[in-house]
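Data first, discussion second: the structure below is written as structure tokens.
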Amino acid sequence: MDTYKIIEVKQSVFEDNDRQADLLREELKRDKTFLVNLMSSPGSGKTTTVLRIIEALKDEMKIGVLEADIDSDVDAHTVSKTGAKVIQLHTGGMCHLDADMTKQGILELGTEEIDFAILENVGNLVCPAEFDTGASKNVMILSVPEGDDKPLKYPLMFSIVDVLLINKMDTINIFDFDLEAVKERVKKINPNIKVIPICAKTGEGVEEWANWIRSEVKSWNE
Ligand SMILES: Nc1nc2c(ncn2[C@@H]2O[C@H](COP(=O)(O)OP(=O)(O)OP(=O)(O)O)[C@@H](O)[C@H]2O)c(=O)[nH]1
Ligand SMILES: [Mg+2]
């Protein structure tokens with residue numbers, strides 16, 4: 001007979017996180033704050049896209065930003081120049097944010113003053129997909145130089161997002177990136193996903209994402 005017990009710790013961690021995430025979502029709904037969890041690989045253009053969306057929406061809604069990184073405050077410093085309220089979250093080595101960490105950031109941000117909050121998650125295509133942050137919606141960026149095979153290699157991430165932004169479209173002729181193949185691959189994993197090609201560098205395509213946010217903020221507040 002075995003003299004030791006095996007406990008599925010991972011499962012209980014996820015269940016506990018899911019409960020906290022649902023509670024946070026309810027609070028955000030009550031406070032009329034729409035929170036987007038923005039995920040991607042390192043360097044795919046999250047901060048550049050955040051700057052563009054602030055530019056597009058800053059005259060219509062009060063925007064707050066949570067910048068999550070293992071270390072440093074370079075992204076918070078960059079975003080703070082827009083005038084939006086920014087909180088930098090350090091994960092202390094963790095490769096993702098969970099609902100409790102997100103809640104701590106939201107409390108610092110203060111929901112009364114914020115209509116639209118955006119969480120730039122830690123750059124990673126694996127761990128952030130496993131933890132519900134309590135956000136209203138999940139959005140991810142796949143940038144052209146990463147390659148069109150990523151939906152095949154990281155299906156979980158592509159399965160949990162509402163919107164896929166395909167960034168760095170200005171480089172599509174340099175890399176062998178098949179946009180139609182990506183659309184087909186992601187629709188197989190997630191038939192309801194909305195795919196928006198953008199170029200955060202020039203701002204091209206960002207208006208379509210801004211329109212999606214406008215419409216989601218409206219329904220969140222109904
Ligand atoms: N050519 C091109 N470069 C871009 C575009 N968007 C972002 N970049 C560049 O890509 C690099 C990384 O962009 P960031 O916005 O810092 O990426 P990030 O995802 O926030 O990076 P981490 O926070 O480190 O994960 C920078 O040099 C940007 O100027 C784009 O649309 N086209
Ligand atoms: Mg960044």
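Bear in mind the structure is a predicted one, so any value in this text is a computation, not a measurement. Atoms within a ligand are numbered from 1 in the order they appear, just like the ligands themselves. We count residues from 1, following the sequence as given. All heavy atoms count here, side chains included; hydrogens, waters and symmetry mates do not.
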Where's the contact between Thr202 and ligand 1, heavy-atom distance under 4.0 Å: side chain, backbone, both or neither?
neither
Just distances here: any N/O of Asp69 and N/O of ligand 1 closer than 3.5 Å?
no
Thr48 N/O to ligand 1 N/O under 3.5 Å
yes
Does Lys85 pair with Glu113 as a salt bridge, N-O distance under 4.0 Å?
no
Tally of protein N, O or S atoms, where distance to the Mg ion (ligand 2) is under 2.8 Å:
3
Is Met169 near ligand 1, meaning one of its heavy atoms is under 4.0 Å from it?
no
Using a strict 4.0 Å cut-off to heavy atoms of Cys199, name the atoms of ligand 1 that fall inside it.
31 (O)
Would you indicate whether the side-chain heavy atoms of Val36 and Leu119 approach each other to under 4.5 Å?
no
By the side chain to side chain donor-acceptor pair (under 3.5 Å) test, which pairs, at least two apart or in different chains, include something from residues 24-35?
Asp22-Arg25, Arg25-Asp132, Glu27-Lys103, Asp31-Thr111
For Pro42, take its heavy atoms, then give the atoms of ligand 1 lying under 4.0 Å from any of them.
25 (O)
For Asp170, the atoms of ligand 1 under 4.0 Å from one of its heavy atoms are 1 (N), 2 (C), 30 (C), 31 (O), 32 (N)
Which word best sums up how the rings of Phe131 and His96 line up, parallel for under 30°, tilted for 30 to 60°, or perpendicular for over 60°?
parallel
Looking at atom 27 (O) of ligand 1, is any protein heavy atom nearer than 4.0 Å to it?
no
Among pairs that include at least one residue of residues 172-189, which meet salt bridge (Lys or Arg N to Asp or Glu O under 4.0 Å), considering only residues two or more places apart or in two chains?
Asp148-Arg185, Glu180-Lys183
In chain order, what residues pass the side chain to side chain contact (heavy atoms under 4.5 Å, CB included) check against Asp115, with sequence neighbours excluded?
Met61, Lys62
Any side-chain heavy atom of Glu208 within less than 4.5 Å of one from Lys194?
yes
Which residue supplies the protein heavy atom nearest to atom 22 (P) of ligand 1, what is that atom called, and how far is it?
Gly43 N, 3.6 Å
Look at the side chain of Asp69 and the backbone N and O of Asp75, then say whether any donor-acceptor pair between them is shorter than 3.5 Å.
no
For ligand 1, which atoms have a heavy atom of Asp75 less than 4.0 angstrom away?
23 (O)
Is the shortest side-chain heavy-atom distance between Phe177 and Thr171 below 4.5 Å?
no
Considering non-hydrogen atoms of the protein only, which is the closest contact for atom 5 (C) of ligand 1, and what is the distance?
Lys168 CG, 3.6 Å
So, regarding Ile198 and ligand 1 (criterion: nitrogen or oxygen to nitrogen or oxygen, under 3.5 Å), is there a contact or not?
no
Give me the residue, atom name and distance of the protein heavy atom closest to atom 25 (O) of ligand 1.
Lys46 NZ, 2.7 Å
Taking the side chain as every heavy atom from C-beta outward, state whether Pro151 and Ile189 have any pair of such atoms under 4.5 Å apart.
yes
pair Leu51-Thr82: side-chain heavy atoms closer than 4.5 Å
yes
Within the structure provided, determine whether Ile141 and Lys46 are in side-chain contact (heavy-atom separation under 4.5 Å).
yes
Side-chain heavy atoms under 4.5 angstrom apart, residues restricted to Ile, Leu, Val, Met, Phe, Trp, Tyr: same cluster for Val65 and Ile53?
yes
Suppose we measure from atom 17 (O) of ligand 1 to each protein heavy atom; which comes out shortest, and what is that distance?
Gly45 N, 3.1 Å
Starting from atom 6 (N) of ligand 1, locate the nearest protein heavy atom and write down its residue, its atom name and how far away it is, to 0.1 Å.
Asn167 ND2, 3.2 Å
